[in-house]
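A short worksheet on the structure shown next.
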There are 2 protein chains.
Amino acid sequence: MKFDLSQAEENYLKAIYSIGIDTGKSVNTNQIALMMKTKASSVTDMVKKLSDKGLVEHKKYKGTILTRKGESIAVNTLRSHRLWECFLVDTLQFNWDEVHDIAEQMEHIKSDSLVDRLDQFLSFPSYDPHGDPIPDKNGVIKHHKNVMLSSVVAGDSCIVIGVKDSSSSFLKFLDNASIRLGNEIKVVTVEDFDQSMQIEIENKMITVSYQISKNLYVKK
Amino acid sequence: MKFDLSQAEENYLKAIYSIGIDTGKSVNTNQIALMMKTKASSVTDMVKKLSDKGLVEHKKYKGTILTRKGESIAVNTLRSHRLWECFLVDTLQFNWDEVHDIAEQMEHIKSDSLVDRLDQFLSFPSYDPHGDPIPDKNGVIKHHKNVMLSSVVAGDSCIVIGVKDSSSSFLKFLDNASIRLGNEIKVVTVEDFDQSMQIEIENKMITVSYQISKNLYVKK
DNA sequence: TAAAATTTTTAGACAAGTCTAAAAATTATT
DNA sequence: AATAATTTTTAGACTTGTCTAAAAATTTTA
Ligand SMILES: [Mn+2]
Ligand SMILES: [Mn+2]
Ligand SMILES: [Mn+2]
Ligand SMILES: [Mn+2]
């Protein structure tokens, strides 16, 4: 069966996928509504439609999970989104804070070979500009384990490998603070009261709030 | 006033623009319906909406013309379409018969600088893969004069500079016959009965029907 | 475990874009 | 100029995706 989904349907599948990855369990209607910036009643309607198409399984008042087929579509859409973000940054020289909304549109372009050709043109990148892993042609995706800067203890060092929040305001803050993917961060002190951290990056000492540190993926 | 039009609205403006360019006069409802592959009643509805937005002027039962603003949007959409076609052929190595439907989607991506950055990346091309002129950043477009192969007389030679029909079947036929943009064609004989031509191209003699010859733009 | 709070679903409405069928206006034909 | 043919518009309906308000189910709290 060949599917041609609307942009709305693809966006819902992506949302259900990403909530499911984070939580493991089946996904609540309200969580989807929150992520999609819409109302619970709209979610109920859409989930019903996706269920009719065999893309999710839904138990009334219980929750929603993707079927194998639904997950495959979600992952393909993510692949498309992240490859277009690479294109926008690497090829068209956009800044990493400018590309999300554009990729949000481009991910829905329908074509049999477009995304694979783009992948080839970009030399098969593994990560998008925000450090998120790019699924391969077969939908295989390597999740990097979720170690946040907030969990690093005073005295330890780590490397920035990704951002959890891709909002323009957060990314602009990072630019300003010289916090970029690949940079080393040394945690100097952690404030007991509000979890704020003094960190050393690019030979400068700065203070970052918990809000910041819990949105940065790092590795040892 | 900043406009954010739907894909349908942009497609209608493009259709009205291209019919207007060919005919000069104001555009009939049925002509639009034919080009948009829709019904006259749908056109009436949409024309009313575009008129309310100040993008077309419409006189009941008489016809429709683009306003300055409407024409500007149509030309920008055309620019986007043709630049994406260049990208698909030049950068992603699609064949010229594969790109129209994809560009038909990509032309609608909303972003302030995307198309201009794409233009720069492609080194400001003047023509798309089908020989159609690409409007510049300011919407200035050079129409090449419409000389068709069908109007070339026996004994004369010309260069292929564009195709009027961009359908995949026509373009595949041209590929097969080695008829490509830039190639020279010598018209050897023209059949009085059905206007079919014997032509010499790439040192081969072939016969092309009037259907073919009236869809090829040429220059001396 | 019964009442209260929360979550989810249902019911009914709306805008965009499309369609069919019928009415109205225009153009062509006699 | 009257009739016929064609074009265009109107009227009403349908689909998709959304919303608000109210009802129903579930979970929390006391
Ligand atoms: Mn999207
Ligand atoms: Mn990203
Ligand atoms: Mn289009
Ligand atoms: Mn073209």
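Order of the sequence lines fixes the chain letters, A, B, ..., with proteins taken first and strands second; residue numbering starts at 1 for each chain.
Among the protein residues, A:Asp45 comes within range of the nucleic acid bases, having at least one heavy atom under 4.0 Å from a base atom. Nucleic acid contact class of A:Thr29 (heavy atoms, under 4.0 Å, all strands): sugar-phosphate only.
Between A:Asn28 and C:dT8 there is a side-chain polar atom (N or O) within less than 4.0 angstrom of OP1 or OP2. OP1 or OP2 of C:dT6 has not a single side-chain nitrogen or oxygen of A:Asn30 nearer than 4.0 Å. Between B:His58 and D:dT9 there is a side-chain polar atom (N or O) within less than 4.0 angstrom of OP1 or OP2. For the OP1/OP2 pair of C:dC19 and a distance below 4.0 Å, the side-chain nitrogens and oxygens of B:Ser42 include at least one atom meeting the criterion. Within the 4.0 Å cut-off from OP1 or OP2 of D:dT16, not a single side-chain nitrogen or oxygen of A:Tyr12 is found.
Note: CD1 (B:Ile32) to P (C:dT18) measures 13 Å, nearest angstrom. A:Lys62 places its NZ atom 9 Å from the C1' atom of D:dA25, with the value rounded to the nearest Å. Rounded to an integer number of Å, the gap from B:Leu34 CG to D:dT6 C1' is 15 Å. The CD-C1' distance, from A:Gln31 to C:dT8, rounds to 13 Å in whole Å. Spacing between atom CG of A:Asp52 and atom P of D:dT16 amounts to 11 Å, rounded to whole angstrom units. Distance CE (B:Met46) to C1' (C:dC19): 14 Å, rounded to an integer number of Å. Atom NZ of A:Lys59 is separated from atom P of D:dA24 by 24 Å (rounded to the nearest Å). D:dT15 atom P lies 19 Å from atom CG of A:Leu5, rounded to whole Å.
B:Ala74 approaches B:Leu13 most closely through the heavy-atom pair CB-O, 3.7 Å.
Checked by atom type and distance alone, the side chain of A:His100 never pairs as donor or acceptor with a backbone atom of A:Ser166 at under 3.5 Å. Of the possible polar contacts, one joining the A:Gln105 side chain to the B:Lys110 backbone as a donor-acceptor pair under 3.5 Å is found. Proximity of a side-chain donor or acceptor of B:Arg82 to a complementary backbone N or O of B:Pro133 within less than 3.5 Å is detected. Within the 3.5 Å criterion, the main-chain N or O of A:Gln31 finds no donor-acceptor partner in the side chain of A:Asn28.
Side-chain atoms of B:Ser41 come within donor-acceptor range of the base of C:dT20, with a qualifying N/O pair under 3.5 Å.
Looking at which nucleotide of DNA chain D each of A:Lys39 and A:Glu9 is closest to, the 5′-most match is held by A:Glu9.
The side chain of A:Tyr61 approaches C:dT8 more closely than any other nucleotide in the set D:dC19, C:dT8, C:dT18. Of the listed nucleotides (D:dT27, D:dT18, C:dT9), C:dT9 has the atom at the smallest distance from the side chain of A:Lys60. Taking every side-chain heavy atom of A:Thr44 into account, C:dT9 is the closest of D:dT8, C:dT9, D:dT18.
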